[in-house]
There are 2 protein chains.
Amino acid sequence: MTRQKSLIYDIINKSSDHLTAEEVYRQAVDRMPGIVLATVYNNLNALVRDGLIIKLNLPDKNAHYDKTIPHDHMVCDRCGKIFDAFVSDKLCKDGFINTASSLSGQDIVSYELTLHCICKECQGKALN
Amino acid sequence: MTRQKSLIYDIINKSSDHLTAEEVYRQAVDRMPGIVLATVYNNLNALVRDGLIIKLNLPDKNAHYDKTIPHDHMVCDRCGKIFDAFVSDKLCKDGFINTASSLSGQDIVSYELTLHCICKECQGKALN
DNA sequence: AATAAAATTAGAATAATTCTAAAAAAGTTT
DNA sequence: AAACTTTTTTAGAATTATTCTAATTTTATT
């Protein structure tokens, strides 16, 4: 664990957002001037590889990074807002991974559930 | 519907894979020499916008496109292979979208479930 | 047939991410 | 602690998936 890596790990874990590499970089520079974007990418990749953070595959050209505590994500198809959801946890009393493994016959190690919605804010606005 | 758009629509619907834009393009050129990559992108985007095909957000830098018939996806974390799965359908007797809407209190319009596994083939091989 | 609107083409532009090589830092062995 | 090895960081170039622009062609409409 270098200083840079633990800084990046800390930024992901203290954030309540779903930061992109660029957003992590901007926060990192504040706390360690001189750190470089490639270092942020290197460490994000290493942290993902080692299972300390996760990479989200959302409908956005940028990758987003998140804590490992399992939860789902809600994305508004109109404004693009991303926020947490807790749905899959509640669906299977033996745990989602166990149930999905049984149903599929595959050795499932993790999962990603993205719920596409029209968020409350966008519902309020008229369509154009 | 132009000739190009219906060609691209047909390619997606006849394929059992999860094609990238580049792969769609290669198949399109075979059947309509002279078609151009930008046209493929334009039409893929238009078809997604109009709900005739869907765009998958998988752990791959390329976007993948698929038919609209709802199902889940399995991705092998070791070799990257992508294949279909049918798990979410079986979890809620009132339908996954209805159940997720109730549980989350949001107006959910669709969802994407990606199951990360170690596929049978990779299980067979020793780790390096 | 003439006109208007939309789609295609060709190629340049954009931008997220990765790569390369050199320098610095961290870890290890004596 | 010095010497050595390995890993990481840095700086900037390279890559590449996707989008954009402007001109042309096709399609739809009057």
Side-chain angles (χ1 to χ4, degrees), chain A residues 1-12 15 17-66 75 77 80 82 112 114 128, chain B residues 1-12 15 17-66 75 77 80 82 112 114 128:
Chain A
M1 264 281 185
T2 59
R3 294 184 308 122
Q4 290 87 343
K5 182 183 265 187
S6 81
L7 169 61
I8 287 160
Y9 179 72
D10 189 65
I11 287 169
I12 298 290
S15 175
D17 293 332
H18 307 87
L19 303 175
T20 63
E22 181 70 32
E23 289 166 342
V24 172
Y25 170 66
R26 283 204 289 269
Q27 292 196 28
V29 169
D30 285 348
R31 292 167 56 180
M32 187 185 284
I35 195 172
V36 133
L37 184 56
T39 300
V40 173
Y41 273 104
N42 285 344
N43 283 305
L44 287 171
N45 287 340
L47 290 166
V48 169
R49 171 174 37 72
D50 298 343
L52 296 170
I53 64 174
I54 59 169
K55 184 175 188 170
L56 304 180
N57 303 111
L58 299 172
D60 182 17
K61 64 170 172 274
N62 305 340
H64 294 254
Y65 297 88
D66 205 351
V75 179
D77 274 0
I82 301 162
E112 226 179 317
T114 305
N128 292 326
Chain B
M1 266 279 186
T2 59
R3 293 184 310 121
Q4 289 86 343
K5 182 184 266 188
S6 79
L7 169 61
I8 287 159
Y9 178 72
D10 189 64
I11 288 168
I12 298 290
S15 175
D17 293 332
H18 307 87
L19 304 175
T20 63
E22 182 70 32
E23 289 165 342
V24 171
Y25 170 67
R26 284 203 289 269
Q27 292 196 28
V29 169
D30 284 347
R31 292 166 58 180
M32 187 185 283
I35 195 172
V36 135
L37 184 56
T39 300
V40 173
Y41 272 105
N42 285 343
N43 283 306
L44 287 171
N45 288 340
L47 289 165
V48 169
R49 171 174 36 70
D50 298 343
L52 296 170
I53 63 173
I54 59 169
K55 183 177 190 170
L56 304 180
N57 303 110
L58 298 172
D60 181 18
K61 63 171 173 274
N62 305 340
H64 294 254
Y65 297 88
D66 205 351
V75 179
D77 275 0
I82 301 163
E112 227 179 319
T114 306
N128 294 326

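Letters go in sequence order (proteins before strands), and every chain restarts at 1.
Rounded to whole angstrom, the span from the CG atom of A/Asn43 across to the C1' atom of C/dA25 amounts to 13 Å. Distance A/Ile8 CD1 to D/dT8 C1': 11 Å, rounded to the nearest Å. Summarising the geometry, the separation between CG on A/Asn57 and P on C/dT17 is reported as 11 Å, rounded to the nearest angstrom. Atom P of nucleotide C/dA7 and atom CD1 of B/Ile35 are separated by 14 Å, given to the nearest angstrom. Counting to the nearest Å, the P atom of C/dT8 and the OH atom of B/Tyr25 are 14 Å from each other. One interatomic measurement links the two molecules: CZ of A/Arg49 to P of C/dT17, which rounds to 18 Å at whole-angstrom precision. Rounding to whole angstrom units, CG of residue A/Asp50 and C1' of D/dT7 are separated by 13 Å. Distance B/Lys5 NZ to C/dT9 P: 14 Å, rounded to the nearest Å.
The line from CG of A/Leu44 to CD1 of A/Ile11 is 9.0 Å long, rounded to the nearest 0.5 Å.
Residues B/His18 and B/His64 approach most closely at O-ND1, 2.6 Å, considering heavy atoms. For the pair B/Val40 and B/Ile8, the tightest heavy-atom approach, listed with the atom from each and the gap, is CA-CD1, 3.7 Å.
A/Asn57 places none of its side-chain heavy atoms less than 4.5 Å from the side chain of B/Thr114. At least one side-chain heavy atom of A/Arg31 sits less than 4.5 Å from a side-chain heavy atom of A/Leu7. Annotation: side chain of A/Leu37 is in contact with side chain of A/Glu22 (closest heavy-atom distance under 4.5 Å).
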Nucleic acid footprint by protein, nucleotides 18-30 of chain D - heavy-atom cut-off 4.0 Å, B for base, S for sugar-phosphate alone: BBB----------
